[in-house]
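Read the numbers this way: they start at 1 and go in the same order the structure lists the ligands and their atoms.
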Amino acid sequence: MAGNQYIGGSTRVGTSGATHDVVNPANGSVVATVDLAGPDDVNAAVAAAAEAQRDWGRAAPGVRAAALNELAAVLTARAEEYAQVETSQTGKPIKLSREFDVPGSIDNVSFYAGAARNLEGKASTEYDGAHTSITRREPVGVVGSIAPWNYPLQMAMWKVLPAIAAGNTIVLKPSELTPLTALMLAEDCTKAGIPDGVVNVLTGTGPVAGEALIGHAGVRMVSFTGSTRVGKRIMEIASQTVKRVHLELGGKAPFLVFDDADLDAAINGAVAGALINTGQDCTAATRAYVQRPLYDAFVAGVGDLMSTVRLGDPLDPSTDQGPLVSFAQRDRVAGFIDRARGYGARIVTGGNIPGGALANGAYYEPTLVADIAQDSEIVQDEIFGPVLVVLPFDSDDEGLALANDTPYGLAASAWSRDVMRCMRASREMQAGCVWINDHIPIISEMPHGGYKSSGFGKDMSQYSFDEYTQVKHVSIETEGDARKDWHRTIFGDR
Ligand code: NAD
């Protein structure tokens, strides 16, 4: 076995002695068997990252930018291979991998190549007349990052790029379910001339490799994307060594349709926004609130459109929706729907594990659920599957209050032709991103991150550097006196 730990610029075999099968959820076949990292691998990776950080942190921004530009070229040459591997380990439709995951990731690289040269500080001056103040924006050091399985390549990018563009080095642990494209990325960083040890990738489980990484004294910052449950555990562990923490957690995005909305646009937006990546998207539309006059037409329209979505082989370019990432995730989704039936919900469309040719994969039908209470678990908890719930509302006040009524706050959308309503919704919706008359698009230039239990800190954009840098005040005395003016507080008038 060549090894699946990428440490200090080369691969090695994990020392835990355990292995993990990466499974294609479309048919249950084993795509690859990876060895899992143990604490010794974490120690080796952090040591390699710490050694590399001294020089990388001092490299001129232009040098870091040049390496990232080269990385973009290397990735572009392998784009189709990345798309194929991403689809085989996640089950996502190949058109999504080709048109969203891979080009989005490469665009991120290009963005950070430019952003690396734009790390600004404030202008300095003599605030008290006797000292010149300078602010330095410095890397934090070694960053430990943990990523989820839903967008493995993009999540690796969101962690690696701002960290290394700012002069940090990184040890990344992707999800053990989907480690393959993160490993390819680490190798390509080396091919692009990024020095050994700047980007290290460990394939391992959360409780073993993840906790060892978060707890390691040599790691100065933790960046985590995943569930709110694990995020709380990450904070607990990180607190023991007072690490900087950046958390991108779960979501339960509302989709608020006012009675003057373009109904056709809202129906299309709801189906696409709910089903992208088989609903395994932290910003996916999950709760539609529709003002009473449009409610019946919206439910009928979404139900009809959902039932036309084509499930199938993710490698077939005509497939709209692939399987869930795993059979366990499929069963979790099915559990939510079965329990909802039990408390009287109406399944407008879907609600089943499909049979026939799809029975060997982790598929679940696109599902619309109505006639449920706001406080039911299917409205409040993150399902992370192809499920949209829909509820009516009467007044604008009521709709906005319902939209904000979950612990989460990652993303939201509002649909209206009235600019005043749109402005009010964008102000009052408690989420790190509010779309108006759309739901899902993200861009490298703009920040992504949560409010409330969806976490804190920003991925992408220039704002991400607030997480991945620390600001130092340097004060230079300019008068040259042995006795400074402020020494009066010690020496009195002597
Ligand atoms: P998860 O929390 O189960 O796992 C995420 C990562 O944490 C994995 O790499 C896992 O191995 C690791 N992990 C698990 N237990 C750990 C522990 N005790 N210590 C350290 N690491 C541990 O999440 P998931 O199921 O992989 O992904 C789905 C979740 O991710 C959803 O809640 C989704 O909303 C969230 N997510 C959020 C964003 C965002 O930007 N806010 C983006 C994508 C996914």
Side-chain angles (χ1 to χ4, degrees), residues 20 22 25 34 36-37 39 42 89-90 92 101 104 108 144-159 162 171-179 182 201-216 219 222-238 240 243 245-253 276-286 324-326 328-330 332-333 381-385 406-412 431-433 440 442 446-461 464 467:
H20 179 83
V22 178
V34 294
L36 295 175
V42 174
Q89 66 176 351
T90 60
K92 67 177 68 201
D101 294 69
N108 251 248
S145 287
I146 297 190
W149 43 255
N150 58 342
Y151 293 102
L153 180 61
Q154 291 206 75
M155 294 301 104
M157 292 295 186
W158 289 13
K159 299 296 169 210
V171 179
L172 168 72
K173 192 203 82 61
S175 167
E176 59 274 34
L177 297 184
T178 56
V201 172
L202 299 176
T203 61
T205 65
V208 177
E211 296 210 4
L213 180 60
I214 304 308
H216 198 293
V219 171
V222 173
S223 174
F224 171 79
T225 298
S227 61
T228 299
R229 181 185 62 80
V230 176
K232 291 176 184 170
R233 174 83 185 128
I234 301 284
M235 271 185 103
E236 248 173 49
I237 300 170
Q240 300 307 308
K243 290 183 171 61
V245 178
H246 171 207
L247 298 177
E248 298 278 357
L249 306 177
K252 189 76 182 173
I276 184 166
N277 209 34
T278 317
Q280 302 162 119
D281 183 309
C282 48
T283 63
T286 58
L324 280 296
V325 74
S326 65
Q329 186 65 14
R330 192 240 358 232
R332 187 179 135 80
V333 172
D381 295 350
E382 187 177 42
I383 302 172
F384 232 51
T406 75
Y408 296 107
L410 188 60
C433 174
I440 286 298
I442 50 173
M446 284 290 123
H448 172 93
Y451 281 20
K452 304 197 295 189
S453 292
S454 292
F456 45 80
K458 298 297 176 193
D459 283 318
M460 302 198 294
S461 82
S464 62
E467 321 302 328

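The side chain of Phe224, and not its backbone, has at least one atom closer than 4.0 Å to an atom of ligand 1 (non-hydrogen atoms only; side chain from C-beta on). Contacts between Ile234 and ligand 1, counted as non-hydrogen atom pairs separated by less than 4.0 Å, involve the side chain only. Using a 4.0 Å cut-off between heavy atoms, Leu410 contacts ligand 1 through its side chain alone, with no backbone atom that close. Contacts of Gln280 with ligand 1, taken as heavy-atom pairs under 4.0 Å, are absent altogether. Counting heavy atoms under 4.0 Å from ligand 1, residue Ala147 touches it through the backbone alone.
For the ligand labelled ligand 1, residue Gln329 lies outside the 4.0 Å heavy-atom shell. In this structure, Ile214 falls outside the shell of residues with a heavy atom less than 4.0 angstrom from ligand 1.
Looking at Glu176 next to ligand 1, an N or O pair under 3.5 Å apart turns up.
Atom 4 (O) of ligand 1 lies below 4.0 Å from none of the non-hydrogen atoms of the protein.
Here the protein heavy atom with the shortest distance to atom 43 (C) of ligand 1 is Asn150 ND2, 3.2 Å. The closest protein non-hydrogen atom to atom 36 (N) of ligand 1 is Cys282 CB, 3.7 Å. Of all protein heavy atoms, the one lying nearest to atom 1 (P) of ligand 1 is Ser227 OG, 3.6 Å. Closest to atom 25 (O) of ligand 1, if we only count protein heavy atoms, is Trp149 NE1, 2.8 Å. Among all protein heavy atoms, the one lying closest to atom 19 (N) of ligand 1 is Glu211 CG, 3.2 Å. Of all protein heavy atoms, the one lying nearest to atom 34 (O) of ligand 1 is Glu382 OE2, 2.6 Å.
At a cut-off of 3.5 Å, with distance as the only test, a side-chain donor of Ser223 or Lys159 sits close to an acceptor on the other residue.
The option from Pro148, Gly206, Ser175 that lies nearest to atom 17 (C) of ligand 1, judged by heavy atoms, is Gly206.
Side chain of Lys252 to main chain of Asp381: a donor-acceptor pair is present (N/O by atom type, distance under 3.5 Å, no hydrogens or angles).
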